[in-house]
Amino acid sequence: MATVQDSAVAIGGGAQARPAAQGRWASLWAKHGAGYMFLLPWLIGFFGLTLGPAIASFYLSFTSFDLIRSPEWVGTANYVRIATADPKFAAAMQVTFLYVVLSVPFKLTFALLVALLLDRGVKGLTFYRALFYLPSLLGGSVAIAVLWRQLFAGDGLINSLLAQFGIEGPSWISHPNYSIWTLVVLSVWQFGSPMIIFLAGLRQIPTDMYEAASLDGASKFRQFYKITLPLLTPVIFFNAVVQTIDAFKAFTPAFIISGGTGGPINSTLFYTLYLYQEAFGNFRMGYASALAWILVLIIGLFTAFSFLTSRYWVHYDD
Amino acid sequence: MTDATMRSVTAPPSAPPGRRSPVGSVLIHAALIAASIAMVYPLLWMISASVRPEDEIFASTSLWPSSVDFASYVRGWFGLDVSFGRFTWNSLVVSVLTVIGNVVACSLAAYAFARLRFAGRNFWFAIMLGTMMIPYHVTLIPQYVLFLNLGWVNTFLPLVVPKFLASDAFFIFLMVQFFRGIPRELDEAAMMDGCGPWRIYWKIMLPLSLPVLATAAIFSFIWTWDDFFGPLIYLNDMNTYTIQLGLRTFVDSSSTSDWGGLFAMSTLSLVPVFFFFLFFQRLLIEGIATTA
């Protein structure tokens, strides 16, 4: 609105109006300028590093691009090939979904169980909580992936332990049936951060509810089922969404454990690992961009689906 | 806090939910201790393996080395063409610059969102929250092309400069939440005294926000220290490698030959994270709890 008036004054007023226009700009500046000055670094980052690249990546997904020659428009060819003629894409999807479906429920169940144990006024709560949280802090590092690679190797620590019970374990990381499980175990090992969020959620449940229930003779199990679980659903929902999105994006452990190949026989070929191989191994930047947009689509669909179904099972206070 | 006191004060004598029979509490502790041991055993085993004589590493599942020997550390440190001293220094430079960038840029943006009035504030705030949802893979390739054309590949700039542009929206969000909890009367009183937004930001908001700034700083440091993907893409010259890339190269070059050296360097790479965990776990745990 203000700019329309400004330009009208500027056109009609000539020299006389100039101070007025300047005053207008000055007052606009005084009102909104400080906010935008503080926001400036973020705004530059948003346009230069997020919005601009996102648009560019969408364009590149319809091209063939190897970094050397300029991108060549190929229409929907990348997407068509992904959908119909790319066995590695199919393998990556399968591995990634398997990983999500296995790791998230195990991790959350374990986190909830331990949180329930810790919530009941256990002595040494801060000690246990800190200890259980430690793997979440270390888990993403190369060092832990290296350790995992040794733990589950044919002559690794796990098999040495099993040997003491007379069991001869396979080489877990180099067997296509078991390799994904080593990554699932690594993910469950990092149950600490959802556990802390569960603990914070359990604190919010008013104690008088349990008291009323136990006066009515409700068993501990019934109390859990009828009070704790329903009141905790918002936290479960939050943890499930966050952990699922994280699982879709997992990269480092699969990269280190498989030596960057996603093997054996693509059994640890996480989606992000495949995307990395296409982009920075084969320099198929256009194809990799299409893969990236499909990942966005999958995560977006999953998130939308969770929020739509959440009203049927997530309990919100009014 | 209030719940705990409510529990102890109002709990009926019959079956208080907060108290257990001695047998039950022993069982709970047994379960928790078993879980603790299972969780830290691999870590302790790695540390112990790093100080064992080379031939003993795989001979034993026990945690106690027969003799302590730091030869693995020396071998590991000089195990590649470039020493781990260089990798550690590189990691430190990248991590410290990231911490500075995140704290400065995110607190500026958070102050604007939490306190200043300007046209479009809610719109930009929603956009900022939205950027947290987008997987970075979407911007990865064009960003790479951009930094490649700027000649920034094999420098730390692609890892650090985005942080000075507040690219970690999570920290902005964390700080906005904290800033909103600071009483407005303080800024209003300062404004009466003729303070502009810069002085209020600098003299009031920042000093009162040390806990959240520290949380953001520590998480920035740990995540950057542990980051593998960014350095993997942007750093190809071994002189610029971070410690994570150094470790990965070590795995590839000596996959079965020098486990002692590998475990020694792995242990070393976890030391800074462990240090922050030891001294700031309260801040970290509260930081995680408030994200929900």
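Proximity to chain B is absent for every atom of A:Phe198, based on heavy atoms less than 4.5 angstrom apart. Only the side chain of B:Leu116 comes within contact range of chain A, with heavy atoms under 4.5 Å apart. Using a 4.5 Å cut-off between heavy atoms, B:Gln281 touches chain A through its side chain atoms alone. Residue B:Arg117 touches chain A through its backbone alone, counting heavy-atom pairs closer than 4.5 Å. Heavy atoms of B:Ile141 lying under 4.5 Å from chain A belong exclusively to its side chain. With a 4.5 Å cut-off on non-hydrogen atoms, B:Ala35 touches chain A through its backbone and its side chain both. Neither the backbone nor the side chain of B:Phe125 comes within less than 4.5 Å of any heavy atom in chain A. Residue contact with chain A, scored on non-hydrogen atoms closer than 4.5 Å, involves the backbone and the side chain of B:Ile285 alike. Only the side chain of B:Leu146 comes within contact range of chain A, with at least one heavy atom under 4.5 Å from a heavy atom of that chain. Residue B:Ile33 touches chain A through both its backbone and its side chain, counting heavy-atom pairs closer than 4.5 Å. At a 4.5 Å heavy-atom cutoff, the contact between B:Ser36 and chain A is made by backbone and side-chain atoms alike. Neither the backbone nor the side chain of B:Trp225 comes within less than 4.5 Å of any heavy atom of chain A.
Across B:Asp168 and B:Asn102, no two heavy atoms sit closer than the pair OD2-ND2, 3.4 Å. Shown here for A:Ile197 and A:Asn239, the closest heavy-atom pair between the two residues is CD1-OD1, 3.7 Å.
Of the residues considered (A:Trp293, A:Phe132, A:Phe65, A:Tyr59), A:Phe132 shows the highest number of contacts with chain B, using heavy-atom pairs under 4.5 Å.
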Test B:Tyr111 against B:Trp198 for side-chain hydrogen bond (donor to acceptor under 3.5 Å, both in side chains), laying out the working first. CA-CA 10 Å; B:Tyr111 176 66; B:Trp198 291 99; over 6 Å; no

Test side-chain hydrogen bond (donor to acceptor under 3.5 Å, both in side chains) on B:Tyr201 and B:Ser107 and set out the steps. CA-CA 9 Å; B:Tyr201 164 77; B:Ser107 69; 2.7 Å; yes

Begin from the C-alpha positions of B:Ser91 and B:Tyr241 and carry the test side-chain hydrogen bond (donor to acceptor under 3.5 Å, both in side chains) through to its verdict. CA-CA 8 Å; B:Ser91 276; B:Tyr241 275 15; over 6 Å; no

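By the side chain to side chain contact (heavy atoms under 4.5 Å, CB included) test, A:Ala292 is found to be paired with A:Leu275, B:His137, residues two or more places apart in sequence or in another chain being considered. Applying the side chain to side chain contact (heavy atoms under 4.5 Å, CB included) criterion to B:Val153, with sequence neighbours excluded, gives B:Tyr144, B:Leu148, B:Tyr234, B:Asn236.
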